[in-house]
Structures are given as C-alpha cells and as structure tokens.
K.L.:
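My questions all concern the structure below.
Reckoned from all heavy atoms, side chains included, excluding hydrogens, waters and symmetry mates. Naming: A, B, ... by sequence-line order, numbering from 1 per chain.
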Amino acid sequence: MNLTLKIWRQAGPDDKGRMVTYQVKNVNPDMSFLEMLDVLNEDLIAKGEDPVAFDHDCREGICGMCSLYINGEAHGPGRGITTCQLHMRSFKDGDTIIIEPWRAKAFPVIKDLVTDRSAFDRIIQAGGYISVNTSGNTIDANAIPIPKENADKAFDAATCIGCGACVATCKNSSAMLFVSAKVSQLALLPQGRVEAKERVLKMVHQMDLEGFGNCTNTGACEVECPKGISLENIARMNREYLAAVIS
Amino acid sequence: MEVKSALLGSSIVKKYWMALTGLFLCTFLVVHLGGNLILLKGEDARLSFNAYAKFMTTFPLIKAVSYLLYFSILFHAFDGIVLTLQNRAARPVKYYFNKPEANSTWASRNMAFLGTVILIFIVGHMSNFWYKMHFGDIPMDANGNKDLYEVVVTFFKDPSLGIVYVAFYVLCMVALGFHLVHGFASSFQTLGLYHKKYNALIKNLGLVFSVLVPLLFAIIPIFIYIQ
C-alpha cells in the first residue's frame, strides 16, 4: 500500500504547529497503525529529518499510551480498539490519512502527536484510591461478599485504560467518562464505599480545575472508548455527586 | 471547602440546574399547548380563549408559578451560556479534520445554537402576545375580558407579514423539536436516572414529546392563517 499522510508537526509546547504531508510507500496491510508510523520514521531518520513523535508502549491495547486522532476519530475508524490495534487493512491503497494529537486545553501538546495527559493522574491523586493498610496485614478481598452484578459493573468500569479518547472525541473536551469510570469502580464495591462521598467531590473538583469541559451527554465518548465504558458510569457519578453535595 | 465550591461552580451542579429547569420548561410547554389548542375551534374559541387567558394572568397560584417560569427560562439560558463558553475554552485548538457525525447526533452537538433560536423566539413571542396581554391597550370581548384572541388572529392574518410570522413560528418549532429530542432524555441522564429497564422508555417518550408538542404548536398559526 502507498499512502499520503497529513500529520500535525509541532516542535514543542510553544511552537505554533502545522499539518505536514508525507508519502509512505510499501505499507503492509497487516501492519498496525503504529508500525506504519515506525516505517515513516525510519524513512525520515534515514533522510536526516526529525521523526514524528507519538506515544506508545504495550502495543497490545491495554496500557492506554497510544492516542492519535485519525481521520476525524479518536483511535481512528473501528470500534473498541486503540490505535495500536488498528491495522492498515482498514485503509485502502492511495488513501490520505489525517493524523492529529488529542485536542484539549487540559492535554497540551508536548511535541508533534504527544500530549501531556498528567491531568488524569492528578484527578486519580485527588481521590481515585482506597486507603488500606498494605503493610503485610492486607485483608483478603474475597473475604467480603460482593453481589455478582456489582462485581461485574465495577470490573467493567475498571477496564478504563485512561487513554483520553473520551476527552479527545468530546466536543467539550469533557473528562466525565474517565472520571466516572474511576469513581464507579470503587463506589460499587464495599471497600470503596467508605470514602465514596469525599472521593467524588474531590475528583470532580480536580477535573474542573484541570480545565476539562462540561458533559452534554452527546454519547460520543461511549462510542469511541476502546474499552466500551458505558454512559451508565456518568449517570452513577452524577447520582453519587448529588448525594454527596446535598448530604 | 469542596462542598461549598461544588454548590456554586461545579460542572455537574450546573448540569443539574440545566436538567431541572429544562424538565420544568417541558411541563410548561404542555400547559401552554393545552391553552393554545382552544384556538383550533376557530371563531367559537374567542370567548373561551380570552377567559382562559384572563385566568392564566390573574389566578394567584398560576401567577406565582409564572414567576418561577420566567426565572427558569432566564436561568436555563444563562447557565447554558456559561456552560457553552467553558466548553469552548476547553478546546482552544480545534481539529484540522473532525468527524463528529460518526459518534453523536446533530441535535446533541447543537444545543446552544438551538437554544439561541428558541430564546430569540421567546423574546419575540412575549413582546407580541405576553406584553400586549399584560400591558398593551387591547379591546374587550363580549364578556368584558381582554380580547387576546383578536390580537393573535390579527397578528397571524396580517396581509403582508402574516405568512412571514407563520413561517418563522414553524421554523422555531422545528428548532424546539430538535432541542427537545436531545434535551428531554439528556436531563434524565444528568440527574443520574439511567437504568437499562427504563432507558428506551425515556428515549422514546422524549422522541414522542419532541415531535408531538412542537407539531401541535406549529399547526395553530397555520390553521389561523388559512382559516
């Protein structure tokens, strides 16, 4: 396959940035999208040019590092996948592919396609944990009976890999799906109930401080989420928050 | 400290107010529509419509609720403007190429625009009818009530501009329909009322509401015009 790539290039946080067009030849349809970018970068390095910076780590869809807004969609076309799980067979020979970084005030561009997603870390630090003694006296989690339905819902919420596709795809750059997943995974379990009220208030407060937008319930996040995190989590967080604010 | 700031400025509290005022305005639409439908009786409606209008503007309980209504309209608009400005600020650099239609509906992405159209409509609508009913010098009917029926009919039957008013009215009702088709179900989600048993019901109820209510509203000026 031969492809035309239009890629956002930005030398650093203060650079204005621009779209640059590249030609990439002899792409194998079985390559992942990131491998295709590796091919481009090898070519750029051989020519003495600056390779395109992009985030990646596990390349098997579980770490949440890869991002990329491809042809107007977070993680590109296809549902329930990250960019590393997107294969070049999803495109046709001769296609033009537009590649941009996540766009949000809270996710500033560091270089090219790499954004700073530490806003998510600060939201977790604000309350996305349970305070337990881990000094050797940890209680066996299985000692506490938990309804199967709650365990399943908590696990579904916990599959969020924090990639930021929800923020990237939301017209308001809202982080509600991410935050609600992190609130839900703990709020649904007895271990998490102890600090539930404080947690939801602190995490939402931090979310607002980071400059994410508000939720319009367009549902775009749920569609583009590689892990299929449900809007049900946002509703649950809204309930948790209401209960915490008025009690 | 967090609780205090949450009550005043939190993103989620702003959305609760949007949902609550929005749902309250939905109930108002039903009441208002009920009264307007009297107009479909044609000339026979004159006395009953005027009596209804008098009741709605003088009965103490209705008057009290009407102040809550004015406040809700203004607050819904104000809150919406604040949310929209914050949402725009949250993405200072736009995408070079975006495909939002792949994952969301047009109405859900254009609530601010649709709301603005509705607000412009309300301002015009209130100056044409509400203001005249409350403060205007309008004739009396046979029962000694203000003849609002005459005001409405004269307005939409205006030989030169009547058709423009009717067209504008119908267009605004289309905007209202799109605003409601997202807003109705969305307000339940905001208030945390999500359950797989009821989601489809809420969505379908919202769809019926957002088609039926604006449609019935729109029929009235068309009926008056062609009558």
K.L.:
For the pair B:Lys15 (side chain) and A:Cys215 (backbone), establish whether a donor and an acceptor sit closer than 3.5 Å, ignoring hydrogens and angles.
P.N.:
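It does hold such a pair.
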
K.L.:
Got a sec: does the CZ of B:Phe78 have more than 12 other heavy atoms crowding it under 6.0 Å?
P.N.:
no

K.L.:
Given that the side chain runs from C-beta out, which part of A:Val167 has a heavy atom under 4.5 Å from chain B: side chain, backbone, both or neither?
P.N.:
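The backbone, not the side chain.
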
K.L.:
If you compare all heavy atoms of B:Ala90 against all heavy atoms of A:Gly211, which two are closest, and at what distance to 0.1 Å?
P.N.:
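Shortest heavy-atom contact: CB-O, 3.5 Å.
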
K.L.:
For A:Tyr129, does the OH atom have more than 12 heavy-atom neighbours from other residues, nucleotides or ligands under 6.0 Å away?
P.N.:
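Enclosed.
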
K.L.:
I need the residue from A:Arg239, A:Glu240, A:Lys105, A:Arg103 with the largest number of non-hydrogen atom pairs under 4.5 Å to chain B.
P.N.:
A:Arg103

K.L.:
What's the shortest heavy-atom distance between B:Ser10 and A:Asp208, and which atoms?
P.N.:
CA-OD2, 3.5 Å

K.L.:
Is any side-chain heavy atom of B:Thr105 closer than 4.5 Å to one of A:Thr218?
P.N.:
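They are not in side-chain contact.
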
K.L.:
Decide if atom OH of B:Tyr131 counts as having more than 12 heavy atoms of other residues, nucleotides or ligands within a radius under 6.0 Å.
P.N.:
no

K.L.:
Under 4.5 Å heavy-atom distance to chain B, tell me which part of A:Phe212 shows up: side chain, backbone, both or neither.
P.N.:
backbone

K.L.:
Does B:Tyr16 use its side chain to pair, donor to acceptor, with the backbone of A:Leu242 at less than 3.5 Å?
P.N.:
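Answer holds: yes.
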
K.L.:
Is it the backbone or the side chain of A:Cys221 that comes under 4.5 Å from a heavy atom of chain B, or both, or neither?
P.N.:
neither

K.L.:
Can B:Ser108 and A:Thr216 be said to form a side-chain contact (heavy atoms from CB on, under 4.5 Å), step by step?
P.N.:
CA-CA 7 Å; B:Ser108 75; A:Thr216 303; 5.5 Å; no

K.L.:
Are more than 12 heavy atoms from other residues, nucleotides or ligands located less than 6.0 Å from atom NZ of B:Lys132?
P.N.:
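Yes, enclosed.
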
K.L.:
Using only atom types and a distance under 3.5 Å, with no angle test, would you say the side chain of B:Asn87 pairs donor to acceptor with the backbone of A:Gly213?
P.N.:
no

K.L.:
Determine whether more than 12 heavy atoms belonging to other residues, nucleotides or ligands lie under 6.0 Å from atom CZ of B:Phe217.
P.N.:
yes

K.L.:
Please tell me if the side chains of B:Tyr194 and A:Ile234 come closer than 4.5 Å, counting only heavy atoms from C-beta onward.
P.N.:
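The answer is no; the side chains never approach within 4.5 Å.
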
K.L.:
Between B:Met111, B:Arg109, B:His182, B:Arg91, who has the most heavy-atom pairs with chain A when the cutoff is under 4.5 Å?
P.N.:
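Counting heavy-atom pairs under 4.5 Å, the top option is B:Arg91.
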
K.L.:
Within a reach of under 6.0 Å around OH of B:Tyr70, are more than 12 heavy atoms found that belong to other residues, nucleotides or ligands?
P.N.:
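Yes.
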
K.L.:
What option among A:Val223, A:Asn172, A:Leu231 has the most heavy-atom pairs under 4.5 Å with chain B?
P.N.:
A:Asn172

K.L.:
Using a 4.5 Å cut-off on heavy atoms from C-beta on, say whether the side chain of A:Lys171 contacts that of B:Ser104.
P.N.:
no

K.L.:
Check whether more than 12 heavy atoms from other residues, nucleotides or ligands sit under 6.0 Å from atom CD of A:Glu149, and answer yes or no.
P.N.:
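Result for CD/A:Glu149: open.
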
K.L.:
In terms of heavy-atom pairs under 4.5 Å, which option from A:Ala168, A:Ala104, A:Pro101 contacts chain B the most?
P.N.:
A:Ala168

K.L.:
At a 4.5 Å cut-off on heavy atoms, which part of B:Ala185 comes close to chain A: side chain, backbone, both, or neither?
P.N.:
neither

K.L.:
Which region of B:Tyr96, side chain (C-beta onward) or backbone (N, CA, C, O), has a non-hydrogen atom less than 4.5 Å from a non-hydrogen atom of chain A, or is it both or neither?
P.N.:
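For B:Tyr96, backbone and side chain are both near chain A.
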
K.L.:
Show me the donor-acceptor pairs within less than 3.5 Å that the side chains of residues 19-28 of chain B make with the rest of the protein, sequence neighbours left out.
P.N.:
from: B:Thr21; atom 1: OG1; to: B:Trp17; atom 2: O; distance (Å): 2.6
from: B:Thr21; atom 1: OG1; to: B:Met18; atom 2: O; distance (Å): 3.3
from: B:Thr21; atom 1: OG1; to: B:His76; atom 2: ND1; distance (Å): 2.9
from: B:Thr27; atom 1: OG1; to: B:Phe24; atom 2: O; distance (Å): 2.5

K.L.:
How far apart are the C-alpha atoms of A:Glu100 and B:Phe97, what are their side-chain angles, what is the distance that settles it, and do they pass the side-chain contact (heavy atoms from CB on, under 4.5 Å) test?
P.N.:
CA-CA 8 Å; A:Glu100 297 174 78; B:Phe97 179 70; 4.2 Å; yes

K.L.:
First locate atom OH of B:Tyr95, then atom CH2 of A:Trp8, and finally report the distance between them rounded to the nearest 0.5 Å.
P.N.:
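These two atoms lie 12.0 Å from each other.
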
K.L.:
Using heavy-atom distances under 4.5 Å, tell me whether A:Ser230 contacts chain B through its side chain, its backbone, both, or neither.
P.N.:
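Just its side chain gets close to chain B.
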
K.L.:
If I take atom CG from residue B:Asn103 and atom SG from residue A:Cys225, how far apart are they, to the nearest 0.5 angstrom?
P.N.:
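Here the rounded value is 12.0 Å.
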
K.L.:
If you apply the rule side chain to side chain donor-acceptor pair (under 3.5 Å), what do you find for B:Gln86 with A:Asn214, and how did you get there?
P.N.:
CA-CA 7 Å; B:Gln86 286 182 337; A:Asn214 309 287; 3.1 Å; yes

K.L.:
Could you walk me through whether A:Asn238 and B:Leu191 pass the side-chain contact (heavy atoms from CB on, under 4.5 Å) check?
P.N.:
CA-CA 6 Å; A:Asn238 289 348; B:Leu191 296 171; over 6 Å; no

K.L.:
Contact part of B:Lys94 toward chain A, heavy-atom cut-off under 4.5 Å: side chain, backbone, both or neither?
P.N.:
backbone

K.L.:
Name the option with the most non-hydrogen atom pairs under 4.5 Å to chain A; the candidates are B:Leu83, B:Leu193, B:Thr190.
P.N.:
B:Thr190

